[in-house]
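For reference, the structure discussed in these notes is given below.
This structure is a prediction, so every number in the text was calculated from the model and none was measured. First listed ligand is number 1; within each ligand, the first listed atom is number 1. The figures here come from the full heavy-atom set of this structure, side chains too, leaving out hydrogens, waters and symmetry mates.
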Amino acid sequence: MRSTTVDASLLEACLTAAIAAPSIFNTQPWRFRLAPETVTLQVLAAPERGLRHMDPTGRALHLSVGASVFNLRVSVAHFGWHAVTRLLPSPDDPELLATVRLTGPASRPATGRRGDLYEAIGRRHSSRFPFSGRPLPPQLCAELTEAAHTEGALLTFPAVAETDRLLRVTAEAEHRNRTDHDRAAESRRWIHRDPDALTDVGLPQTALGPQDAHERLPMRDFTAQRHTERLTARPFETKPVIALLTTEHDRRADWLRAGQALQHLLLVATVHGVRTSLLHQPMEWPDLRRSLSSTPGLMGHPQMLIRLGYGPDGPATPRRVAPLDTGPTGLRGD
Ligand SMILES: Cc1cc2nc3c(=O)[nH]c(=O)nc-3n(C[C@H](O)[C@H](O)[C@H](O)COP(=O)(O)O)c2cc1C
């Protein structure tokens, strides 16, 4: 039988990758625990960093944690280990969202697609700046669709008229977010006021892009200004590439799958030099979210709108160090 002793530095590298995942408002709503006897990394929700007004059901929290689980899987494979991932493994422990059990060293180093995505984890950042308007090659769209499919989700690239409709629904959601007192206040709480603040959650000012001067792309105004004319505006791409991520069902496990699918396709995009940003606003209003799924011929529950294109890289946002809870027995670093 092969040994399943894992080097502590490997676990540390895997955790660094896990926390590089995108999360709603950079809340980083995850915690990690190690069960040393089974070499299992447990991924738990951190509900204290949930968004009470914008995400009352915790759907976006699950998406964020799902993205983190995908990074864990990629890094474990990158370091040459086999792992078995289970979602919601314990009905008695609703905060335990996933386990990643390292089952033994792989006989060959990871050469598959998932292992190859490791280097992209640290390079991927949300880019909320105007893109060039250069279209994505159809082959890449197929690869992104395949990435989502591998994780149990569906990715569609709507045609121009449908893209316009999705963006109009997003604009309505953005308008509501700005004018809803509780949501606007919640949004502002996650923005760093002081540019030099050493805050390790939330968004620094440098990560916030301008608004679209054409008023076509409803980029999220994290500062939730009522008077949008006061915000900086620049012309964005006139033919935005928007993809819609959906899942067949809409349970907690589907949200976690959607998060893994999201991160899988974002990393594939990064490998190909494609920048991304997310338009989640319509998912935060049940009626608007429902109206997205009325897309002709589209099945499933909308989970995310993704904007893709060629343009400036987004700046890195801070991360809090997520200490690994090793339980009473601890971990031997051998
Ligand atoms: C569920 C979810 C919803 C998000 N919604 C938005 C959004 O509406 N607008 C946006 O610009 N970014 C959105 N983001 C991106 C986060 O703001 C971003 O991941 C976080 O600030 C960390 O920055 P990074 O992606 O550059 O690492 C979302 C991310 C997740 C996982």
Side-chain angles (χ1 to χ4, degrees), residues 16-30 45 49-51 54-55 57-71 120-131 153 166-167 169-171 173-178 183 186-187 189-192 199-212 217-224 236 240 242 245 247 254-267 269-270 275-285 288-289 292 302-308 312-320:
T16 302
I19 65 172
S23 62
I24 186 147
F25 282 71
N26 200 21
T27 49
Q28 305 163 56
W30 44 60
R49 285 195 295 284
L51 302 175
M54 274 176 289
D55 185 34
T57 62
R59 196 189 56 80
L61 179 150
H62 282 71
L63 253 84
S64 307
V65 171
S68 174
V69 169
F70 185 75
N71 279 5
I121 290 176
R123 284 193 286 117
R124 182 217 58 83
H125 307 298
S126 301
S127 176
R128 302 183 183 86
F129 304 101
F131 294 161
L166 296 177
L167 292 178
V169 176
T170 307
E174 177 60 16
H175 171 73
R176 290 190 196 177
N177 283 352
R178 283 181 170 142
R183 293 184 187 219
E186 192 169 59
S187 181
R189 267 203 296 280
W190 292 92
I191 303 307
H192 304 180
T199 318
D200 53 10
V201 291
L203 283 102
Q205 299 279 341
T206 49
L208 312 179
Q211 295 288 295
D212 181 10
L217 264 168
M219 302 301 289
R220 190 194 279 272
D221 169 23
F222 288 87
T223 63
F236 275 61
I242 303 290
L245 184 72
T247 49
D254 302 296
W255 302 341
L256 290 167
R257 279 188 205 103
Q260 293 184 82
L262 173 68
Q263 183 63 359
H264 194 156
L265 73 94
L266 293 181
L267 293 182
T270 304
R275 313 283 182 239
T276 55
S277 68
L278 304 177
L279 294 163
H280 185 260
Q281 303 99 310
M283 312 300 160
E284 295 158 17
W285 296 90
L288 298 181
R289 186 172 173 228
L292 293 177
Q303 303 293 353
M304 187 64 85
L305 281 173
I306 302 133
R307 167 179 166 256
L308 302 112
D313 197 3
T317 50
R319 293 293 189 272
R320 53 192 299 279

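Nearest to atom 8 (O) of ligand 1 by heavy-atom distance, out of Arg220, His62, Gln28, is Arg220. Scanning Leu278, Thr317, Leu305, Thr170 for the heavy atom closest to atom 9 (N) of ligand 1 points to Leu278. When Ala20, Ser23, Pro218, Gly314 are checked for heavy-atom proximity to atom 31 (C) of ligand 1, Ser23 turns out nearest. Taking only non-hydrogen atoms, the option from Arg307, Arg319, His280, Glu174 nearest to atom 3 (C) of ligand 1 is His280.
Residue Arg128 places at least one N or O, backbone or side chain, under 3.5 Å from an N or O of ligand 1. Between Ser64 and ligand 1, a contact under 3.5 Å exists for no N or O pair.
Listed by number with element, the atoms of ligand 1 under 4.0 Å from a non-hydrogen atom of Leu203 are 21 (O).
Contact annotation: for Met304 versus ligand 1, heavy atoms closer than 4.0 Å belong to the side chain alone.
Protein heavy atom nearest atom 30 (C) of ligand 1, with residue, atom name and distance: Ile24 N, 3.5 Å.
Every residue was checked against the salt bridge (charged side-chain N to carboxylate O under 4.0 Å, His left out) condition with Arg183, not counting sequence neighbours, and none meets it.
Using a 4.5 Å cut-off on side-chain heavy atoms (C-beta onward), Leu278 and Met283 make no contact.
Applying the side-chain hydrogen bond (donor to acceptor under 3.5 Å, both in side chains) test between Asn26 and each of Arg49, His192, Arg319 identifies Arg319 as the sole match.
Remark: the backbone N or O of Pro312 is paired with a side-chain donor or acceptor of Ser127 at under 3.5 angstrom.
In summary, the side chains of Arg176 and Gln281 do not present any donor paired with an acceptor at a separation below 3.5 Å, with no hydrogens or angles considered.
At least one heavy atom of Arg124 sits under 4.0 Å from some atom of ligand 1.
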